[in-house]
Asks: 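Pasting a structure here, questions to come.
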Amino acid sequence: MTDSAGGQRPGRDTRPFSGYHNRPTPNDDSFITSVGPGTPGGEYLRRYWHPFLLSSELKDLPVAVRLLGEDLVVFRDGSGRIGLLHRHCVHRGTSLEYGIIAERGIRCCYHGWHFDVDGTILETPAEPPTSRIKQHFCQGAYKVHEWRGLLFAYMGPVDEEPAFPHYDCVDHPGDNAPVPFRMNLPCNWVQIVENGCDPIHNAYLHAIVAGEQFSATFKVLPELDFPRTPLGFLSMATRKVGDHVFIRASDIVLPNFGQFPNGANMANRESLGLRPYLSRWAVAVDDHHSFYIGLAHLNSYNNPSGAMQAQDFGVDQIPFIGQTGDRPRAERQREPGDYDAVVTQGKIANRKAEHLGTTDRGVVLFRRMLAQAIRDVQDGKQPEVPRVRDCGPVRTYASEIVVRVPEGLLDERSALADFGRQAALAFVETDGLLGAEREAATQERVQALLHSLSAPAQSGQQP
Ligand code: FES
Ligand SMILES: [Fe+2]
């Protein structure tokens, strides 16, 4: 196999010790990985609301943040309004991280220019009273929305701002308030999303190879599937464990939102987990730095014993091994986790040097959808955004379903995959409903699926 220049493609020379002939070619996927202003990927990302800070991180002083390659400052003024401004003062560039917060807005420390949270210049005190300078400029500012303990920014064109997507995952009556967290990673945001599109790594990284990090159930190799949803697709794994089928479906929502079921459950009793454990966004600081930020749902389904506490979550803190780089190197080598797997792909993973297999279908699907969405924005189209409906919040689709199946059924891989897909899609197809009604309708559909499995077997036993 040769490349367009007539050379051997890396990895195709299968002679022993042929590293010389198999060195990786340079990366070339900035189309999907770039995040800065004016780049293809960056313009696309600027059509969405992105969470960037925990509310609890914003205290009485301005906070310098970097988001989508832009240096910004965020503060809460004396009247409780939140400002997200370009960090450097429009007068002569001093950082507003050293600005003095006012009852209304913030005042630059250097010459006292006073900015409102929307960037309006309220005062230029060193200028003569007749000066009209403040009418001719403003400080760059972005809109902020505070939701469930997270601050979200919209950094796109003013007239293309989408409505803020209130997701249904926070609306389960009786649940504790979701718990915010934020985890920093020194790599590009796309590979963090790809990790969620890759359910086979749960079997290897989190069970078989690197130690039992999820429950023992994850050692069983699953059937994978990636059916589409109105928001993106499901990243699915279906396992037969003894006489139970364990169906785990994560939500992948473009560009950077994902929801993941609990990893601690065993496939040893029937359950219908129609709610995520984590709702999470992979947000770009710049091309080479990102964080995932989101909400943990510590409800009776995900946390039945109450072992996980709100204080287990925070900045660079989550109660799951291998999510930070602060463990001793040797410990990370002995039991690596997601952080080690994802960050060591490189600041920007070299996709040109990859050799993808059949289990990478979800990753490929995500890249294709992402690239298409970026092209659409380049062509002047509005991208798909999660929409609040007339009849309530944005519906989401993460689920974890365990059912008992009669002996001898679903032993074939294709039948098992098909059953898993239909069961997970039952929760997608009922999205016209909400809450308990939707759960009941999903339950009914899953029971009907089970019945259709066992009915032919029973009728076969009739004389
Ligand atoms: S640099 Fe900010 S007021 Fe002069
Ligand atoms: Fe993982």
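Numbering of ligands and ligand atoms starts at 1, following listing order. Keep in mind the model is a prediction, meaning the values are calculated, not measured. Computation of the quantities below employed the complete heavy-atom set of this structure, encompassing side-chain atoms and omitting hydrogens, waters and symmetry-equivalent molecules.
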Asks: With a cut-off of 2.8 Å, does His111 place any N/O/S atom under that distance from atom 2 (Fe) of ligand 1?
Replies: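 It does not; every qualifying atom lies at 2.8 Å or beyond.
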Asks: Please identify which atoms of ligand 1 are closer than 4.0 Å to at least one heavy atom of Cys89.
Replies: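 Every atom of ligand 1 under 4.0 Å from some heavy atom of Cys89: 1 (S), 2 (Fe), 3 (S).
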Asks: Strictly under 2.8 Å, is atom 2 (Fe) of ligand 1 approached by any N, O or S atom of Cys108?
Replies: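 It does: Cys108 brings an N, O or S atom closer than 2.8 Å to atom 2 (Fe) of ligand 1.
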Asks: Is it true that Glu335 and Arg329 have a side-chain N and a carboxylate O under 4.0 angstrom from each other?
Replies: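 The answer is no: the pair does not qualify as a salt bridge.
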Asks: Is Arg421 salt-bridged to Asp225, going by a charged N under 4.0 Å from an acidic O?
Replies: yes
Asks: Is Lys240 salt-bridged to Asp411, cutoff N-O under 4.0 Å?
Replies: yes
Asks: Which residue holds the protein heavy atom closest to atom 1 (S) of ligand 1, what is that atom called, and what is the gap in Å?
Replies: Arg92 N, 3.4 Å
Asks: Please could you name the atoms of ligand 1 that Trp113 approaches to less than 4.0 Å, counting only its heavy atoms?
Replies: 3 (S)
Asks: Looking at Asp338, which of its N, O or S atoms is the nearest one to the Fe ion (ligand 2)?
Replies: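 In Asp338, the heteroatom (N, O or S) nearest the Fe ion (ligand 2) is OD1.
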Asks: Please name the atom of His206, restricted to N, O or S, that is closest to the Fe ion (ligand 2).
Replies: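 His206's closest N, O or S atom to the Fe ion (ligand 2) is named NE2.
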Asks: Is the shortest distance from a Lys or Arg side-chain nitrogen in Arg107 or Glu123 to a carboxylate oxygen in the other one below 4.0 Å?
Replies: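 Yes, charged N to carboxylate O under 4.0 Å.
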Asks: What N/O/S atom of His91 is the closest to atom 4 (Fe) of ligand 1?
Replies: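 Answer by atom name: ND1.
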Asks: Do the charged groups of Glu270 and Arg404 touch, with an N to O distance under 4.0 Å?
Replies: no
Asks: For the residue pair Asp168 and Thr396, confirm or rule out a side-chain donor-acceptor distance under 3.5 Å.
Replies: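 Per modelled atom types, Asp168 and Thr396 side chains form a pair under 3.5 Å.
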